[in-house]
Amino acid sequence: MRFATLAFGVAVAALAGAAEAKPVLMPQPVSMTEQPGALTLTGPFRANVRGCPQPLTGRAVARLQADVDRLRGGPASGAGVRLSIHCRARDAGYLTLEAKEAYRLDVTAQGVAIDADGPEGMLRALATLRQLAAPASGAAGLPLVRIEDAPRFAWRGVMIDTARHFMSLPTLKRQIDAMERVKLDVLHLHLSDNEGFRVESKLYPKLTGSASGGQFYTQAQIRDLVAYAADRGVRIVPEFDVPAHTGAIVTAYPQVAAQVAPNDPFITQNRALNPASEATYRFLDALLGEMAGLFPDKNFHVGGDEVSDAAWAHDPSIQAFVTAHGLANRPAMEAYFHARVRAILAKHGKTVIGWEEIAATPIPTSVFVQAWRMSNTISATTAAGHPTVVSAGYYLDNLEPAAHHYAVDPLDPEADGFTAAEVTEAAKISPLAESAVRPLELKPLPPLTPEQARLILGGEGELWSELVSDEMLDARLWPRAAALAERFWSPASVRDPDALQRRLPIVQTELETLGLQDQASRARMVERLAPGHVQPVLTFLETVAPVRNAAHNHMIRAMLRGQAHPPPQDLNTLADIAPVDGTAVRSFEADVQRLVTGDVSIAPAIRARLTAWRDNAGPFARIARGHPDLEAALPISAEVTTLSGLGLDLVDSLTAKQPLPDAVRERAASALAQAKRETDASARPMFAFVHPQPPADLIVAIAPGIDRLFEAAQAAR
Ligand code: ACM
């Protein structure tokens with residue numbers, strides 16, 4: 001009897017599991033139809049390739065096989081699974097904006113068939129197949145599906161800043177691996193800035209010397225990286241930022257520098273080239289020509305952002321040039337400079353892309369523009385006829401959760417910027433705050449016309465690395481870049497944040513299984529903080545997130561207080577290690593969502609998590625003693641304990657369908673209000689610098705999940 005009951009229970013659980021199991025895909029395809037059943041993976045894929053280039057396709061299949069083996073524990077040694085791959089065209093547009101990326105993927109009981117428009121479509125189909133083969137998509141094997149798919153946008157990028165912190169080659173390759181798995185196709189590398197010039201120049205060897213801390217990629221390494229990315233359907237778009245953000249260049253070659261007033265902390269940290277000197281253009285012709293030869297992509301990024309008036313105002317030779325040429329103002333001088341740079345790059349066969357400032361004056365429509373400061377920009381750049389890449393709303397270094405960026409549609413000119421009320425608020429704070437916020441005030445704008453919309457090439461998540469070291473890169477880029485991959489690939493109608501949150505931890509776990517190093521790096525960083533006692537810190541880190549919007553940037557905060565040269569910031573604090581969109585928090589929220597929509601079977605899992613979090617305060621306090629970095633977080637650890645304990649009360653009330661005791665209601669309201677105040681302190685860019693931040697620059701990331709339980713428990717009254 002007991003056995004029969006047990007067997008019945010297991011069968012019901014298995015059925016429930018089967019009904020639940022849907023392919024977990026990110027990005028979601030355009031269409032997917034499912035049939036009951038599964039194709040068992042009886043052994044390795046036996047590929048039959050027609051019309052696709054080799055060795056590209058063979059290598060792609062080998063990568064797929066290795067990944068499937070890692071996900072499922074292979075290699076399986078049975079008869080194998082038929083994998084027929086057909087490319088309709090070899091595609092001269094491979095690795096360009098015209099690349100043929102559409103594909104159809106059929107999984108039937110007989111095997112897998114891919115019909116791709118071109119080699120990039122083949123790679124994208126294999127990325128889908130990889131996710132279908134993960135146990136989360138179908139424990140019994142590949143789910144039987146027909147998928148028809150094509151990207152919404154051709155430019156689906158991330159930018160990695162290798163200048164502020166150097167990123168090693170293995171680290172970059174790991175990001176490219178993950179990009180391939182979620183169908184991102186542009187890696188924009190920011191390769192020069194005040195802190196360093198990161199590519200070997202045989203013509204100007206001093207660039208990579210002491211001005212760059214000697215950290216750079218050799219030309220052979222760049223060629224290798226470009227080929228590695230090309231194999232995975234990823235274009236590398238290099239950026240050499242001019243005329244500002246050139247501190248490393250002008251330190252190495254002062255003869256091309258604009259003279260600046262001494263003692264201005266901001267300008268001495270963001271030096272510019274001299275746009276009035278022919279020596280500058282001879283230098284750029286040679287240097288950019290050399291760099292253009294290393295990067296085969298048609299697009300070449302010239303930066304162009306953030307030239308301040310002070311950069312050129314104190315150089316008499318530049319002022320004389322401005323007068324002699326009748327240039328009305330600093331933007332006119334910039335326009336002259338960029339026209340010269342464009343002519344240089346045109347000679348080398350490149351199409352220029354630059355940050356939105358380069359389009360402040362009318363320029364040829366052939367120039368690509370990257371909109372970054374606010375969403376209104378896309379209306380202006382597309383009205384002026386520029387192909388536009390959207391980054392406004394996609395600044396990953398703002399440390400916002402994935403859902404924040406996911407909600408921003410690349411075609412929405414009103415998605416990201418400041419409100420009129422915020423401008424008023426900034427004006428009350430200080431003239432400096434107002435001057436930072438007012439230019440970014442969102443104005444109501446009509447939707448883009450179809451002609452304008454066609455000029456939006458896609459989007460790009462930016463990760464500036466002032467506060468991102470090599471070992472932090474995986475954790476700062478993922479899983480949020482996967483959410484952006486979906487925003488840029490999938491139809492605009494795919495925008496349900498709950499569906500995102502359900503899949504994101506699963507996709508992240510797969511990416512980790514396949515090679516992302518965020519967990520290993522986190523464990524190493526914690527070991528440095530608490531040698532031999534990592535577990536209470538790791539448990540604590542499941543529950544928190546770093547403050548947002550550069551509130552954790554102590555260097556900027558010091559400069560705003562007037563300190564000219566703040567020391568570099570230690571990047572091994574809890575705020576640097578805490579995940580932005582932690583898997584534990586997202587899984588917790590997904591579980592809470594199930595509970596509050598009536599699935600009480602999930603309650604034990606929620607209780608187990610909350611109990612572990614609640615009971616962590618004691619062990620955390622014991623190991624924190626004597627470690628100032630950890631001690632700073634004790635108040636936050638206490639908040640986590642309070643909220644987790646209240647969460648348990650709320651689960652009890654929900655599952656027992658009992659009204660919430662008044663005392664619990666009052667304590668929950670108060671604790672949640674405190675967590676919200678602490679989160680709000682860094683909720684908005686710019687304002688985050690003026691508000692005091694919570695202890696250890698940490699916010700309680702489990703609070704929204706607890707709040708959801710609280711809402712449901714109150715509604716159930
Ligand atoms: C930028 O964020 N300065 C382009």
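None of these values were measured; they are calculated from a predicted model. Numbering of ligands and ligand atoms starts at 1, following listing order.
Relative ring orientation between Phe687 and Phe418 is described as perpendicular, the plane-to-plane angle rising above 60° on a 0-90° scale split at 30° and 60°.
Between Tyr253 and Phe283, the distance from one ring center to the other falls under 6.0 angstrom.
Of the residues listed (Met159, Glu356, Glu460, His188), the one engaging Val389 in a side chain to side chain contact (heavy atoms under 4.5 Å, CB included) is Glu460, and it is the only one.
Near Tyr395, meaning under 4.0 Å from any of its heavy atoms, are these atoms of ligand 1: 1 (C), 2 (O), 4 (C). Those atoms of ligand 1 that come under 4.0 Å of a heavy atom in Trp464, given as number and element, are 1 (C), 2 (O), 4 (C).
Cation-pi check for Arg198 over Phe216 is not met; the charged atom does not lie both under 6.0 angstrom from the ring centroid and within 45 degrees of its normal.
On a distance-only criterion, Glu306 and ligand 1 share at least one N/O pair closer than 3.5 Å.
Counting only heavy atoms of the protein, atom 3 (N) of ligand 1 lies nearest to Asp305 OD2, 2.7 Å.
At a 4.0 Å heavy-atom cut-off, ligand 1 does not touch Gln370 at all.
Rounded to the nearest 0.5 Å, atoms CE (Met291) and CG (Leu191) are 9.0 Å apart.
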